[in-house]
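What's counted below: heavy atoms across the whole structure, side chains too, no hydrogens, waters or symmetry copies.
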Amino acid sequence: MGLELIIFIATIFFGAFLYWRESRNNGLYRFFNKIFNSKELQMKPTDKKGFVYQQTFLVRFIFIGFLFLIGIVIVRFLIPIDITTISIFASMIVGTLVGTYLASFIFKSGEVIEEKSDSLEDIVHDTIEKGKDFIEDLKTKDVEAAEEVKEIEEKPKGEEKSARERLKDKGLL
């Protein structure tokens, strides 16, 4: 279980690295695209799609599965020890998928922050100003409320009749 967890965490980083690398340069994907597709079906030079970059879940899953399957076969020929199990293979695939989606989220949120950095500054500044105004309003309301309390307390109460005396006046007692 410990080895699987270590491999899972390492493949999350590998997936993020793979996504980042393909977002910068998709030369290997272009190479395979030129080999397998005719001239009319080849991708345009402006297209940034890669094996995992800008792909759907199923296509990413298939490419990552084949990548690790080929890697496991090569490792089996180089090292005859049976280390690769189904659970390790599955954790490598899932970890890499999680890493690619995590990297996608980080890159997209970074782009949004860069696009709206000026408006975010304005929003933060406006929020701070509104907060200051709110605090000032609270201070003035507290002072007004304290003055009202003092006015109410200052009014002297005249001598009032007791409840018994009022009932006697009405003739009920």
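Here the straight-line distance linking atom CD1 of Ile62 with atom CG of Leu67 works out to 13.5 Å at 0.5 Å rounding. Note that the CD1 atom of Ile7 and the CD1 atom of Ile9 stand 11.0 Å from one another [nearest 0.5 Å].
No continuous path of ILVMFWY side-chain contacts below 4.5 Å connects Leu5 to Phe14, so the two sit in separate hydrophobic clusters. Grouping the Ile, Leu, Val, Met, Phe, Trp and Tyr side chains by contacts below 4.5 angstrom, directly or via other members, places Ile93 with Phe57. In the hydrophobic clustering of ILVMFWY residues, with side-chain heavy atoms under 4.5 Å counting as a link, Val98 and Tyr19 come out apart. The hydrophobic clustering, which links ILVMFWY residues whose side-chain heavy atoms are closer than 4.5 Å, places Leu102 and Phe107 apart. By the criterion of side-chain heavy atoms lying less than 4.5 angstrom apart, applied directly or through intervening Ile, Leu, Val, Met, Phe, Trp or Tyr residues, Val94 is not grouped with Leu58; the two fall into different hydrophobic clusters.
Of the candidates Thr11, Val73, Ile88, Phe68 forms a side-chain contact (heavy atoms from CB on, under 4.5 Å) with just one, namely Thr11.
The two atoms that bring Leu97 and Ile64 nearest to each other are CD2-CD1, 3.7 Å, heavy atoms only. Taking all atoms of both residues into account, the shortest heavy-atom contact from Leu69 to Phe89 is N-CE1, 3.7 Å. Listed here is the closest heavy atom pair of Ala16 and Ala103: CA-CB, 3.8 Å. What you find for Tyr101 and Thr56 is that their closest heavy atoms are OH-C, 4.2 Å. When all heavy atoms of Lys161 and Arg166 are compared, the pair lying nearest together is O-NH1, 2.8 Å.
Ring orientation note: the planes of Phe17 and Trp20 are tilted relative to one another, at an angle of 30° to 60°.
Annotation: Phe61, atom CZ; neighbour count of heavy atoms from other residues, nucleotides and ligands within 6.0 Å does not exceed 12.
Between Phe63 and Leu18 there is no side-chain heavy-atom pair separated by less than 4.5 Å.
Between the side chains of Glu4 and Ser91, no donor N or O sits under 3.5 Å from an acceptor N or O.
In this structure, Ser104 contributes its side chain and Thr100 its backbone to no donor-acceptor pair below 3.5 Å.
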